[in-house]
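Just so we're on the same page: letters track the sequence lines, and every chain starts at 1.
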There are 2 protein chains.
Amino acid sequence: MPTLSEVARHAGVTPATVSNVLRNRGRVGATTRQRVLDAVDALGYRPHLAARALAEGRAPTLALMVSSIANPFYPEFALAVEHAARGSGHFVIICNTNEDPLTGRAYLDQIAGTLSEGVLVTNANLDFADLHATEARGTPVVLCMWERPNEPPGLPCVAVDFRLAGELAGTHLLTLGHRGIGAIVGSKASGIHAARYEGFVDAVRAAGAPKGRVKHAPDTIQGGYTAARALLEADPTLTAIFATNDLPALGAMHAAADLGLNVPGDLSVIGITDIQLARESRPALTTVAVPTVEVAGLAVSLLRELIESSYGQAGGQVATNVPMRISSAPQLVIRASTGAPRPR
Amino acid sequence: MPTLSEVARHAGVTPATVSNVLRNRGRVGATTRQRVLDAVDALGYRPHLAARALAEGRAPTLALMVSSIANPFYPEFALAVEHAARGSGHFVIICNTNEDPLTGRAYLDQIAGTLSEGVLVTNANLDFADLHATEARGTPVVLCMWERPNEPPGLPCVAVDFRLAGELAGTHLLTLGHRGIGAIVGSKASGIHAARYEGFVDAVRAAGAPKGRVKHAPDTIQGGYTAARALLEADPTLTAIFATNDLPALGAMHAAADLGLNVPGDLSVIGITDIQLARESRPALTTVAVPTVEVAGLAVSLLRELIESSYGQAGGQVATNVPMRISSAPQLVIRASTGAPRPR
DNA sequence: CTGAAAGCGCTAACAT
DNA sequence: ATGTTAGCGCTTTCAG
């Protein structure tokens, strides 16, 4: 691998000049520039990113913390993040925490500030203290999916109004005429889906409808399946199920199938997020769509801003107030899994 | 962020000594070592990975080239790769090529050898010439899912006997009694699923069964859906569908549902790979499982070996013969989407 | 067993 | 418009 100096020698100039033409800095004569450019591709020169990172004091990567990329929401989000990141010349390192705060901390300790100049956090079950620590050490952090626009966390974030998402789902079901509605809410350790459920409950209460049954479940198809069966067996009069995420909603549809229930004839099912699979399930899942791509874009651009401004600052303590971006509102997407309850 | 020298100063030793204790190199006195260790965590020191990479002449990351991480197979594979990579202290950078060779090349040009010391390639539709070029520049490359153990590519790889996978699928259907079988084969530009289809055809031919219809389709649920409908409409007597991948197989099941066909009563469906979704579909998909985790492990360890040995070599030209690892055989996993054909 | 010194490949003032 | 000079933070001979 040829180095900058080799290119310089080959072109009969100094390394500084080569560096300048490569990054369009100090003005360089048109003829010299051409000579350098020729040398560059004569030798097949590629800048050494690690060397550059060291010299610039900044790394060309962003770390994306996810609990497990096997959950289909994350790949979709990761794709959008990568797209946005490339726009600013960043590569993205995927950090699977497997829901383990220690793994998360290990990642943060190792790469934050040394290999990545910024950290994007999805619901990866990380320790907030660790996040604050990495921020204090000078590496900006942004939370990608904060669920409560009205209750900012202590960290920069992009928020999505998930309470509204829950409300929209509830209202849709109510409007259709459902009164017996079961709810499957993601447990995720820290009751992370609480806002979604609150929105749902508010909608139901506003309609003066009887509050239905609730069951907590892991954020998986299987989790939703089990929860739905339990719900339906405990109360066979339920005509609809609301899940705080698409995966459990999909599981609920499977449960219905196994119970001989037709969706949406006998049971309506609605989720939240609108992952790819929601479009591809049979019947297609009605859900409340979260603007995933937009959120990824907002998160990356907020992170970039924080990164830029952090290089102005002295130590690590950056901004005075913690910034929050709010995504556009979640939107109800009516597909085939919901319909009017039919008298049984 | 404290540096090595600061730690050294704090501990009253020189940087060299700190480096030594941190990496257990030159022998260091127990007492000095302790002093250093204390300084390290008194200051909260973290090694600067970019600096280390530069000094060592090697980077702590591996690049994983995928066509699009949105295809559910890749996240599963990526997870396994990351797990294996962490075992050797590597982070993994996800490179989505979106099937575009130019994007792939851009990634290779930028990170291979400067930010990543090795490249893992899945069916990302890259230009082989580019791959050879990065290899020639000294960065090892390994193909993760070569489909023909008997026809090694010119690159190091881990091969899976996909011909056998196709054969297993075909045999299963034949054994069940099917005679009218439709096939959906992934197009993927370069007819990448040819081996799978050949195996299937061989099985069918060996049984003296009439060769059924074939339809090419993209490797998606939608692609399988469309292809299956076409197949079924063209020949309603088909009692089974073989798809060269799980996603199209899932699509075929949806098509069956929309056509009012019961699976497996009216139509049996089988795929290849055994992605997570295959287990979670209704009915659960019968498929031929590929040892994904094993493949990821083999790929990473082969890559590691190539990396180590490449540091011995002078320029870039490494081994004399191109290594190939072969995974254990694909295995039929019978679930609920296949059964005996019922007379219609 | 520990220190001194050179340098990885690049950037960034500052000179010229 | 180009060259000089210092490093970035770490590793690594080679001395002591």
Check the distance between [N]'s [atom2] and [X]'s [atom1] and give it to me in whole angstrom.
X	N	atom1	atom2	answer
B:His48	D:dG7	NE2	P	18 Å
B:Leu22	D:dT11	CG	P	7 Å
A:Arg33	D:dG3	CZ	C1'	17 Å
A:Asn20	D:dT4	CG	C1'	13 Å
A:Leu54	D:dG7	CG	P	14 Å
B:Asn24	D:dT12	CG	P	13 Å
A:Glu56	D:dG7	CD	C1'	14 Å
B:Arg23	D:dC10	CZ	P	11 Å

Beyond-backbone contact of [X] with [Y], side-chain heavy atoms, under 4.5 angstrom:
X	Y	answer
B:Ile93	A:Val92	no
B:Glu305	B:Arg325	yes
A:Glu117	A:Ile111	no
B:Leu62	B:Ser116	no
A:Leu131	A:Val121	yes
B:Phe91	A:Cys95	no
B:Val142	B:Val119	no

Residues of residues 1-19 of chain B with a heavy atom under 4.0 Å from any atom of DNA chain D, listed by number, are B:Thr3, B:Leu4, B:Ala16, B:Ser19

Q | Within residues 37-45 of chain A: residues closer than 4.0 Å to DNA chain D (heavy atoms) | A |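 Of all residues in residues 37-45 of chain A, none places a heavy atom under 4.0 Å from DNA chain D.
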
(message) Taking only side-chain N and O atoms of B:Arg52, does any of them lie within less than 4.0 angstrom of OP1 or OP2 on D:dG9?
(response) no

Outer limits of DNA chain C sitting under 4.0 Å from a non-hydrogen atom of chain A, read 5' to 3', are C:dG9 to C:dA12

Rounded to 10°, the angle between the first-five-pair and last-five-pair axes of the helix from C:dC1-D:dG16 to C:dT16-D:dA1 is 40°

* Asked: side-chain hydrogen bond (donor to acceptor under 3.5 Å, both in side chains) with B:Thr134: which residues, sequence neighbours excluded?
  ->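 Listed in chain order: nothing, the list is empty.
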
- Apply side-chain hydrogen bond (donor to acceptor under 3.5 Å, both in side chains) to the pair A:Glu99 and A:Ser68, showing each step before the final yes or no. CA-CA 7 Å; A:Glu99 300 279 0; A:Ser68 167; over 6 Å; no

Practice task
Select base, sugar-phosphate, or nothing to describe what B:Thr114 touches, counting heavy atoms under 4.0 Å on all strands.
Solution key: nothing

Would you mind classifying the nucleic acid contact of A:Gly57 as base, sugar-phosphate or nothing, using non-hydrogen atoms under 4.0 angstrom?
nothing

No-hydrogen, no-angle side-chain donor-acceptor test under 3.5 Å, A:Tyr311 and A:Glu56
no

Quiz item: Judged by modelled atom types alone, do A:His90 and A:Glu82 share a side-chain donor-acceptor pair under 3.5 Å?
Solution: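 Their side chains do not contain a donor-acceptor pair, so the 3.5 Å distance test is not met.
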
N/O donor-acceptor pair under 3.5 Å between B:Thr122 side chain and B:Met65 backbone: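 Confirmed, B:Thr122 side chain pairs with B:Met65 backbone.
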
Could you check whether any side-chain N or O of A:Asn96 sits under 3.5 Å from a backbone N or O of A:Asn98, counting only pairs where one atom can act as donor and the other as acceptor?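 No; judged by distance alone, with no hydrogens or angles, the pair does not exist.
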
With sequence neighbours excluded, tell me which residues meet salt bridge (Lys or Arg N to Asp or Glu O under 4.0 Å) with B:Glu147.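 Listed in chain order: B:Arg196.
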
Need to verify one output field. Residue with the more 5' nearest nucleotide on DNA chain C, B:Thr32 or A:Ala55?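 Closest to the 5' end, via its nearest nucleotide, is B:Thr32.
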
